[in-house]
**Student:** 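Below are the structure tokens for one structure; questions will follow.
The sequence lines fix the lettering, A, B, ..., with proteins before strands; numbering per chain opens at 1. Keep in mind that what you see is a predicted model, and the values were worked out from it rather than measured.
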Amino acid sequence: MHKPYIAKEIETKWQKEWQKNNVYKASADKKNNYYVLEMFPYPSGKIHMGHVRVYTLGDVLARYKRCSGYNVLHPMGWDAFGMPAENAAFENKIHPAIWTKQNIDNMKKQLKAMGLSYDWDLEFATCDPLYIECQQKIFLDFYKNDLAYRKEAWANWDPVDQTVLSNEQVIDGKGWRSGAKVERRKLPQWFFRITEYADDLIDSLDKLDNWSNQVKIMQKNWIGRSEGLKLKFKIDQRPNDKIDSDNIEVYTTRPDTIFGASFLAIAPDHPIAKSLANNNKELQKFISECNQIGTSEEALEKAEKKGFDTSIKVFHPFEEGEKLPVFVANFVLMSYGTGAIFGVPAHDQRDLDFANKLKLPVKVVVKDKNNNYENIDTVAYTGDGEIINSGILNGMNIHEAKSQVIKLAVNKKIGKKSKQFRLHDWCASRQRYWGCPVPIVLCDNCGIVPVPKADLPVLLPDDVTFEKIGNPLDHHKKWQTVNCPKCNKPAKRETQTFDTFVDSSWYALRYPAPKSKEPIDKKEMLKWSPPDQYVGGIEHAILHLLYSRFFNRGLKKTKYVNFDEPFKGLFCQGMVCHKTFKSPGGWVEPDNVELKGNKAFLKSNNQELEIGRSEKMSKSKKNIVDPMSIIDKYGADTARLFMLSDSPPERDLDWSESGVDGCWKYLKKIWGHFHNYTPPKKNFLILKDAEEGHKKIRREIHICIQNTTDSIETFRYNSAVASIRKLSNLLLGISNNEKSLILDQIILEGWESYLIMLSPITPHIAEELWKLMNPNSSILSQKWPDINEEILKNKKIVMAVQINGKLKNTIEIAPKEIVNKSLQENKALALDNIKNIILNKEPKKIIVIPGRVINIVL
RNA sequence: GCGGAUGUGGUGAAAUUGGCAGACACGCUAGAUUUAGGUUCUAGUGCCGUAAGGCGUGGGGGUUCAAGUCCCUCCAUCCGCACCA
């Protein structure tokens with residue numbers, strides 16, 4: 001009897017051994033350097049299955065590349081600033097720094113138990129004083145180069161707690177702790193000038209060949225470039241003198257529909273609206289209602305369209321005598337275009353909803369050929385068509401009309417062509433404690449004064465309390481008070497800290513030299529950067545990845561780097577999901593559930609539970625499986641194998657206990673096999689003398705090697721696992737009485753290749769089994785198996801024979817017959833069942849696709 | 001609301017360019033061995049049908065000798081929406 005497979009034992013053994021030998025040390029050479037990076041985690045306390053998935057994916061790639069002869073940089077660190085640490089401080093009276101440190105220690109231990117191939121010497125956390133100092137240096141350079149500036153911006157304001165809330169802390173328009181209705185307030189905040197690069201950020205997407213297409217499309221739409229017209233409407237009668245303009249300027253992307261305009265709408269915070277509100281209580285009330293919708297775009301767009309008639313009228317620019325009413329409307333954004341629009345209900349859904357609500361006229365100006373365009377009542381028509389009811393524009397299509405109106409407006413000096421972006425500048429400051437301080441002093445005499453680089457870092461004070469509501473830095477008078485670096489008079493530190501997206505916008509460049517005094521050590525960085533492959537969740541498709549792309553451009557402008565894009569390749573993996581279980585008392589953890597057939601019961605009292613569909617693992621639904629319990633029970637290799645086995649990496653993965661069990665049984669089977677296997681003395685030289693029967697087996701082995709390699713290269717890891725398993729099925733299926741000297745060598749070649757290909761996936765068991773065959777070498781120093789092209793060349797080709805496109809039979813041909821179409825046709829026609837179907841009919845057509853299919857059309 | 005994606009057996013899925021749908025697994029069924037420690041092995045398994053055969057890739061329509069793959073349309077689910085990270 002052989003040794004039982006006790007995963008834990010061999011996994012800790014090899015992890016210790018590899019650590020001792022420092023096998024994952026990154027050392028760059030002149031060429032063949034490869035940088036694999038996975039998105040670093042927020043240290044929330046313990047790892048979850050999402051981490052197991054993304055880090056396994058990255059690890060397979062890192063190990064595969066190392067095995068294929070590359071020098072690999074594969075680092076890990078911590079996105080250590082953020083709100084949860086402050087929440088923990090508030091709830092459990094623990095300092096954010098201590099809480100974060102504890103979490104990092106614990107999670108590091110857990111990641112190590114997964115057997116990931118990181119060079120831990122390169123580890124850092126974004127809350128390290130050195131990282132803070134470096135980031136502040138970069139910020140000062142950005143500020144000097146006009147990439148950062150301060151201006152007023154909206155924030156969610158809790159009027160009871162007297163504090164700023166994140167969108168996450170606003171639930172149904174109410175503060176999460178106070179329950180008070182949340183308002184919007186303007187505060188001075190710090191911005192990065194990302195819009196400066198808007199065009200470049202769109203145009204350069206084309207160059208990112210190794211980025212997933214969907215992310216590129218999402219970013220393009222997010223930036224939202226549009227070409228349109230800024231157009232002035234003359235005000236008929238000014239209601240009060242405080243309005244210092246005779247015009248209201250609107251921005252539109254549909255100048256062609258100008259004759260269908262039935263109103264103007266301005267944003268609640270448009271200067272004219274504000275000015276009117278000064279002596280209009282009703283309007284004041286309306287504006288403050290608008291301010292209660294919240295700051296998220298989703299909330300604004302979903303809110304019921306509401307408007308307030310200002311009683312101002314404006315003249316239609318092209319239609320003599322026509323006047324349009326001006327409304328303040330809750331769906332118009334001050335931050336986009338000019339903060340004012342003209343409304344064309346027939347051809348814009350929002351405008352139509354609004355017009356219907358306020359009983360405004362709907363005038364059709366674009367003819368929809370396919371539908372009844374006379375009556376537009378609830379659905380606006382936004383497509384192309386012939387312009388009607390529009391005087392001089394009649395008969396044009398919308399594109400002709402668009403340029404015609406722009407031309408007319410420019411000639412009349414009431415408009416100009418304008419390019420707009422949906423993207424707005426990045427608000428990167430937060431009114432919170434646990435973040436990197438903005439290194440600025442606010443002085444009554446000198447205004448905004450950067451902290452001199454020599455005085456960095458500006459570190460957070462330790463002695464803060466979280467009992468008082470609001471930003472602890474605001475309450476810390478001693479920390480705030482400094483002398484102005486310019487005039488030396490008493491001044492105040494900026495009490496805002498950076499958005500954590502700032503921390504994660506440049507961390508990849510820090511790994512090559514994480515202890516350098518310089519933010520980015522050029523020499524070391526250039527050996528590796530930018531990362532060849534970045535791996536992370538699709539939920540970061542826009543913000544993190546767009547901010548990183550901007551930041552990299554900023555770093556180029558400030559001469560820290562010499563390339564534009566932060567990541568050469570990008571791969572986004574799907575989420576980890578699990579079924580949900582519900583009892584009348586609420587959600588139930590999978591750990592407390594017993595499955596019998598397709599029913600689920602509560603372990604404690606056998607009560608039957610409702611089984612819900614699979615959803616993203618989340619605390620609220622309690623459908624969480626703790627990775628550590630899986631590693632304890634089955635081992636890291638099983639967990640890793642399961643993560644890769646069934647679902648393609650980019651798709652959501654359904655966690656299933658039986659799937660994990662299957663992986664474990666498989667590893668156990670392989671374990672058993674190798675413990676009973678006595679390999680022959682290696683002599684691969686005799687393989688070239690193999691006869692056809694043996695060659696066939698060897699060919700199949702090499703087909704598996706080829707398929708596995710292709711699948712790994714293209715991130716189809718589930719297919720890679722399938723072909724690896726196919727290879728073991730094949731080798732295990734060769735019966736003992738077939739064996740011979742040559743076949744024994746073929747089988748040995750097969751098993752060695754098998755273990756090497758398995759090793760990036762399940763490194764521990766692969767090493768253990770490798771040592772059984774080769775006690776003096778490590779699997780980590782083996783080369784990825786070569787594909788023997790010569791062997792693959794002579795495989796038989798199977799072709800489908802179809803009648804009217806339906807498969808009826810197959811034929812086999814030799815590779816050299818692939819060019820001989822008539823031979824293939826004749827072979828197909830000679831088949832008995834084909835003859836029977838054709839009988840005496842004359843085929844109308846016979847299509848031969850060489851080497852693939854013969855289709856006989858009757 | 002806007003933007004992006006996904007949809008194939010009982011389940012997870014596979015299928016270079018349109019060219020044999022269901023590889024590899026899980027589950028299930030039957031049988032064998034009795035497993036010594038979470039058994040293993042063999043056979044079967046898309047659906048309907050005794051069979052011949054027919055039907056099958058979310059629904060409907062189309063292009064083609066040929067459609068999971070291309071086009072139109074509808075439906076369902078998931079992700080993001082700028083202060084969660």
Side-chain angles (χ1 to χ4, degrees), chain A residues 1 4 39 41-42 44 79 81-84 155-156 164-170 189 213-215 217-222 224 295-303 331 349-350 353 422-432 499-501 504 537-544 546-547 572 574-575 577 597-598 613-616 633-634 645-648 650-654 656 658-666 668-669 672 707 710 714 716 718-719 721-726 729 798-802 804-810 844-847 849 851-857:
Chain A
M1 238 5 249
M39 291 180 185
Y42 178 78
S44 53
D79 191 9
F81 279 132
M83 278 204 316
N156 297 312
V164 174
L165 298 179
S166 67
N167 284 344
E168 191 188 47
Q169 294 168 328
V170 179
Q189 309 213 52
N213 228 9
Q214 66 159 307
V215 171
I217 294 168
M218 282 163 91
Q219 291 210 352
K220 190 176 169 203
N221 290 328
W222 181 264
T295 54
S296 85
E297 185 179 320
E298 187 188 5
L300 286 170
E301 294 216 29
K302 274 194 187 157
F331 62 92
Q349 193 59 47
R350 283 186 306 188
D353 296 343
R422 209 186 72 96
L423 179 73
H424 48 74
D425 275 342
W426 170 15
C427 177
S429 56
R430 301 288 180 263
Q431 298 70 43
R432 274 183 249 292
D499 176 6
T500 55
F501 278 127
S504 57
I538 185 71
E539 65 273 19
H540 293 290
I542 294 175
L543 294 181
H544 164 57
L546 193 60
Y547 290 153
C572 293
M575 297 173 306
C577 300
N598 49 7
R613 60 182 178 76
S614 194
E615 293 182 57
K616 178 181 179 175
K633 194 170 162 193
Y634 296 98
S645 281
D646 283 348
S647 300
E650 71 279 6
R651 204 125 27 117
D652 288 351
L653 175 145
D654 215 2
S656 83
S658 56
V660 182
D661 219 53
C663 289
W664 184 80
K665 281 180 191 161
Y666 175 71
K668 208 174 81 153
K669 180 164 92 179
N707 289 344
D710 286 353
T714 51
R716 284 149 50 236
N718 54 327
S719 299
V721 171
S723 20
I724 290 173
R725 286 183 79 140
K726 205 170 178 178
N729 290 348
V798 180
M799 288 179 66
V801 180
Q802 302 175 331
N804 291 337
K806 303 237 167 191
L807 179 75
K808 296 293 171 189
N809 210 333
T810 56
K844 281 187 199 139
K845 211 194 251 185
I846 298 178
I847 289 148
I849 308 297
R852 288 189 185 272
V853 70
I854 297 140
N855 189 11
I856 300 158
V857 186

**Student:** Does A/K845 have a side-chain nitrogen or oxygen under 4.0 Å from the phosphate oxygens OP1 or OP2 of B/C65?
**Tutor:** yes

**Student:** With a 4.0 Å cutoff (strictly under), does any side-chain N or O of A/K806 reach OP1 or OP2 of B/C55?
**Tutor:** yes

**Student:** Please check if the side chain of A/D652 supplies one atom and the backbone of A/M575 the other of a donor-acceptor pair under 3.5 Å.
**Tutor:** yes

**Student:** Under a 3.5 Å cut-off for both distances, is B/G18 Watson-Crick or wobble paired, and to whom?
**Tutor:** none

**Student:** Taking only the side-chain nitrogens and oxygens of A/R716, find out if one of them lies under 4.0 Å from OP1 or OP2 of B/A15.
**Tutor:** yes

**Student:** Using a cut-off of 4.0 Å on non-hydrogen atoms, how would the nucleic acid contact of A/M39 be classed: base, sugar-phosphate, or nothing?
**Tutor:** nothing

**Student:** Given that both distances must come in under 3.5 Å, which nucleotide forms a Watson-Crick or G-U wobble pair with B/C24?
**Tutor:** B/G12

**Student:** Mark yes or no for a side-chain to base donor-acceptor pair under 3.5 Å between A/N855 and B/C65, with no hydrogen or angle criteria applied.
**Tutor:** yes

**Student:** Does OP1 or OP2 of B/G7 have a side-chain N or O of A/R651 closer than 4.0 Å?
**Tutor:** yes

**Student:** Partner of B/U35 by Watson-Crick or G-U wobble geometry, both contacts under 3.5 Å, or none?
**Tutor:** none

**Student:** When you measure only distances, ignoring hydrogens and angles, does the side chain of A/N221 come within 3.5 Å of the base of B/G3 through a donor and an acceptor?
**Tutor:** no

**Student:** A/W664 on top of B/G38's base, within under 5.5 Å and under 30°?
**Tutor:** yes

**Student:** Quick one: label A/S645 by what it contacts on the DNA or RNA (base, sugar-phosphate, nothing), any heavy atom closer than 4.0 Å.
**Tutor:** nothing

**Student:** Touch check for A/E650, heavy atoms < 4.0 angstrom, all strands: base, sugar-phosphate only, or nothing?
**Tutor:** nothing

**Student:** Considering only side-chain heavy atoms of A/N718, which listed nucleotide, B/G80, B/A14, B/C83, is closest?
**Tutor:** B/A14

**Student:** Hey, is the side chain of A/S658 poking within less than 4.0 Å of OP1 or OP2 on B/G27, counting only N and O atoms?
**Tutor:** no

**Student:** Between B/C28 and B/G80, how many Å separate the two P atoms, rounded to a whole number?
**Tutor:** 35 Å

**Student:** In the strands shown, is B/C81 matched to any nucleotide by a Watson-Crick or G-U wobble pair with both distances under 3.5 Å, and which?
**Tutor:** B/G1

**Student:** Check whether the side chain of A/Q189 and the base of B/C83 form a donor-acceptor pair under 3.5 Å.
**Tutor:** yes

**Student:** Measuring only the P atom in each nucleotide, how far is B/A5 from B/C70? A whole number of Å is fine.
**Tutor:** 13 Å

**Student:** Give a yes or no on whether the backbone of A/A541 and the side-chain of A/Q219 come within a donor-acceptor separation of less than 3.5 Å.
**Tutor:** yes

**Student:** Has the side chain of A/Q431 got a donor or acceptor that lies under 3.5 Å from a partner of the other kind on the base of B/C83?
**Tutor:** yes

